[in-house]
Amino acid sequence: MNGQMSYMENNFDKRLDPTLLVDDAKSVVSLLLNYFPSETQNQDSYKISKYAYGQDYHFVIKEKLKELLTSIQSTIGEVSGRAFVDSAPVLDKAWAAKSGLGWIGKNSNLLTQKVGSFYFIAELIVDIELEYDHKTTDHCGSCTACIDACPTEAIVAPYIVDGSKCISYFTIELKENIHQEMKGKFNDWVFGCDICQDVCPWNRFSKAHNEPLFNPIPTAIGTELLSMSKKDWEEITEETFKTIFKNSPLKRAKFEGLKRNVDFLK
């Protein structure tokens, strides 16, 4: 159910066996970093996922992981390891759940009772044995809010998401034209989608992050990112796109992809 995301089919052996990624790997250290914003977009605009408000998380978190590994080495001694941030064949959510950071919910996101699900998952895979944590229990209960709210019916069963039906897939990963049968189902999402997280009761406990690099990026078009109107999105030029989003997750969609998404929503 991965659509055109062929990379998900590759290196499956490495996904299951971290020792193929890091020589003599003994432990996976899973970490979460909150990205829930203190304020959200103008509701009359085209919407982008909250994780894309600021700078590209890959670079932000990778630096933090390098600092953590250095700190571990200075405290413990000789430790070899490698940092991963959603950019290699690693089962991020599975490892995080196994370590007790949360449980995988019916929307397939990792959920926690304390802060919901608006956070990034990252790992250090290291060559030392540690005192390990244990998985927690599932607290979704009989709730089906995420399943009921998904406008494209991408959550085909509890805990199972058909990635090829997800709005995030259509607006970010799909390279061809968006299927016409999806017309009118995107609820103005132009990059990603947060619906199944927004409706999750556990996200009532989300707290604003304190990472300045995740704050809304300046747009250089005379308005803040969160205040951009539909007209601003519709009139954005390639030059402006490259200037504004050069260090943003939105660059993954590229200018042509963003324009396609905007045109599809008009």
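Annotation: side chain of Lys98 is not in contact with side chain of Val28 (no heavy-atom distance under 4.5 Å). Side-chain contact between Val161 and Val156 is absent, with no heavy atoms from C-beta onward closer than 4.5 Å. Side-chain contact between Ile172 and Asn261 is absent, with no heavy-atom pair separated by less than 4.5 Å. Asp127 has its side chain out of reach of Val22: every pair of non-hydrogen atoms, C-beta onward, lies at least 4.5 Å apart. Taking 4.5 Å as the limit, some side-chain heavy atom of Leu111 sits within range of a side-chain heavy atom of Trp103. The side-chain heavy atoms of Val115 and Trp202, taken from C-beta on, include no pair separated by under 4.5 Å. Considering only heavy atoms from C-beta on, Asn215 stays 4.5 Å or farther from Tyr53 through its side chain. Contact annotation: the side chain of Glu211 approaches that of Val60 to within less than 4.5 Å [non-hydrogen atoms, C-beta and beyond].
For the ring pair (Phe, Tyr, Trp, His ring centres under 6.0 Å) with Phe120, the qualifying choice from Tyr35, Phe84, Phe59 is Tyr35, the only one to do so.
Judged by distance alone, the side chain of Asp194 and the main-chain N or O of Gln197 form no donor-acceptor pair under 3.5 Å. Looking only at distances, no side-chain donor or acceptor of Lys14 sits under 3.5 Å from a matching main-chain atom of Ala88. Ser49 places no side-chain N or O within donor-acceptor distance of the main-chain N or O of Tyr51, the cut-off being under 3.5 Å. For the pair Arg252 (side chain) and Pro249 (backbone), a donor-acceptor distance under 3.5 Å is absent. The main-chain N or O of Asn42 is never found under 3.5 Å from a side-chain atom of Ser45 such that the two would form a donor-acceptor pair. Although no hydrogens or angles enter the test, the distance criterion places a donor-acceptor pair under 3.5 Å between the side chain of Thr171 and the main chain of Gly192. Within the 3.5 Å criterion, the main-chain N or O of Glu67 finds no donor-acceptor partner in the side chain of Ser71. Put simply, the side chain of Lys106 gets close to the backbone of Cys143: a donor and an acceptor are under 3.5 Å apart.
Aromatic ring pairs are classed by plane angle as parallel below 30°, tilted from 30° to 60° and perpendicular above 60°; the pair Trp233 and Phe245 is parallel. Taking the six-membered ring where tryptophan is involved, the planes of His209 and Phe214 are perpendicular, since the angle between them exceeds 60° and thus also 30°.
The CG atom of Asp92 sits 10.0 Å away from the CG atom of Leu110 when rounded to the nearest 0.5 Å. Considering CD of Glu234 and OG of Ser229, their distance stands at 8.0 Å, rounded to 0.5 Å. Rounded to the nearest 0.5 Å, atoms CD1 (Ile121) and CG (Asn109) are 8.0 Å apart. The NZ atom of Lys185 sits 5.0 Å away from atom CE of Met182, with the distance rounded to the nearest 0.5 Å. Here the NZ-NE2 distance, from Lys165 to His179, works out to 12.0 Å after rounding to the nearest 0.5 Å. Going from atom OH of Tyr119 over to atom CG of Asn34 covers 9.5 Å, rounded to the nearest 0.5 Å.
With respect to Asp263 and Lys266, a salt bridge is recorded, a charged nitrogen being found less than 4.0 Å from a carboxylate O. Note on Lys251 versus Asp56: salt bridge recorded, some NZ/NE/NH1/NH2 to OD/OE distance being below 4.0 Å. A salt bridge does not link Arg15 to Glu9: none of the charged side-chain nitrogens sits closer than 4.0 Å to a carboxylate oxygen. Between Asp188 and Lys47, no side-chain nitrogen of the basic residue sits less than 4.0 Å from a carboxylate oxygen of the acidic one, so the salt-bridge criterion is not met. Look at Lys259 and Glu238 and you find no salt bridge, because none of the NZ, NE, NH1 or NH2 atoms lies under 4.0 Å from a carboxylate O. We find that Lys62 and Asp86 are not joined by a salt bridge, their nearest charged nitrogen and carboxylate oxygen being 4.0 Å or further apart. Ion pair Glu63/Lys66 flagged as a salt bridge, since at least one NZ, NE, NH1 or NH2 atom sits closer than 4.0 Å to an Asp/Glu carboxylate oxygen. Between Asp232 and Lys230, no side-chain nitrogen of the basic residue sits less than 4.0 Å from a carboxylate oxygen of the acidic one, so the salt-bridge criterion is not met.
Other residues, nucleotides and ligands contribute at most 12 non-hydrogen atoms within 6.0 Å of the CG atom of Asp23. Counting non-hydrogen atoms of neighbouring residues, nucleotides and ligands closer than 6.0 angstrom, the CD atom of Gln73 exceeds 12 such neighbours. Within 6.0 Å of OH on Tyr159 lie more than 12 heavy atoms contributed by other residues, nucleotides or ligands. Heavy atoms of other residues, nucleotides or ligands lying less than 6.0 angstrom from CG of Asn210 number 12 at most. Lys175 NZ: more than 12 foreign heavy atoms inside a 6.0 Å radius. Within a 6.0 Å sphere centred on CD of Glu239, heavy atoms belonging to other residues, nucleotides or ligands number 12 at most. Within 6.0 Å of NZ in Lys242 there are 12 or fewer heavy atoms belonging to other residues, nucleotides or ligands. Other residues, nucleotides and ligands place more than 12 heavy atoms under 6.0 Å from the OH atom of Tyr132.
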Between Lys93 and Ser108, does a side-chain contact (heavy atoms from CB on, under 4.5 Å) hold up when you go through it step by step? CA-CA 9 Å; Lys93 291 184 290 186; Ser108 87; 3.5 Å; yes

Test side-chain hydrogen bond (donor to acceptor under 3.5 Å, both in side chains) on Ser30 and Glu123; report intermediate values, then the result. CA-CA 5 Å; Ser30 289; Glu123 300 83 25; 4.9 Å; no

Derivation of the side-chain contact (heavy atoms from CB on, under 4.5 Å) call for Arg82 and Leu124: CA-CA 6 Å; Arg82 184 176 164 194; Leu124 282 179; over 6 Å; no

Take Asp198 and Lys50 through the salt bridge (charged side-chain N to carboxylate O under 4.0 Å, His left out) test and state the conclusion after the steps. CA-CA 10 Å; Asp198 286 336; Lys50 297 175 185 65; 2.7 Å; yes

Could you give me the CA-CA distance, side-chain angles and deciding distance for Gln113 and His139, then say whether side-chain contact (heavy atoms from CB on, under 4.5 Å) is met? CA-CA 8 Å; Gln113 289 179 285; His139 296 278; 3.6 Å; yes

As a quick check of understanding, evaluate side-chain hydrogen bond (donor to acceptor under 3.5 Å, both in side chains) for Gln41 and Tyr46, giving each step before the final call. CA-CA 9 Å; Gln41 278 180 281; Tyr46 296 121; over 6 Å; no

Test His58 against Gln55 for side-chain contact (heavy atoms from CB on, under 4.5 Å), laying out the working first. CA-CA 9 Å; His58 295 90; Gln55 293 193 25; over 6 Å; no

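With 3.5 Å as the limit, one finds no donor-acceptor pair spanning the side chains of Thr243 and Thr240. Checked by atom type, the side-chain pair Ser117/Asn203 shows a donor-acceptor distance below 3.5 Å.
Trp95 and Val90 make their closest contact through CD1-CG1, 4.0 Å (heavy atoms, listed as atom of the first residue, atom of the second, distance). In terms of heavy-atom proximity, Gly54 sits nearest to Ile217 at C-CG2, 3.7 Å. The minimum heavy-atom distance between Cys193 and Ser168, with the atom names listed, is N-OG, 3.1 Å.
Follow the hydrophobic side-chain contacts under 4.5 Å out from Leu32 and you never reach Leu65; the two are in separate clusters. Under a hydrophobic clustering in which Ile, Leu, Val, Met, Phe, Trp and Tyr are joined whenever their side-chain heavy atoms come within less than 4.5 Å, directly or via other members, Phe255 and Ile178 fall into the same cluster.
The cationic atom of Lys207 (NZ for Lys, CZ for Arg) does not lie both less than 6.0 Å from the six-membered ring centre of Phe36 and within 45° of the ring axis.
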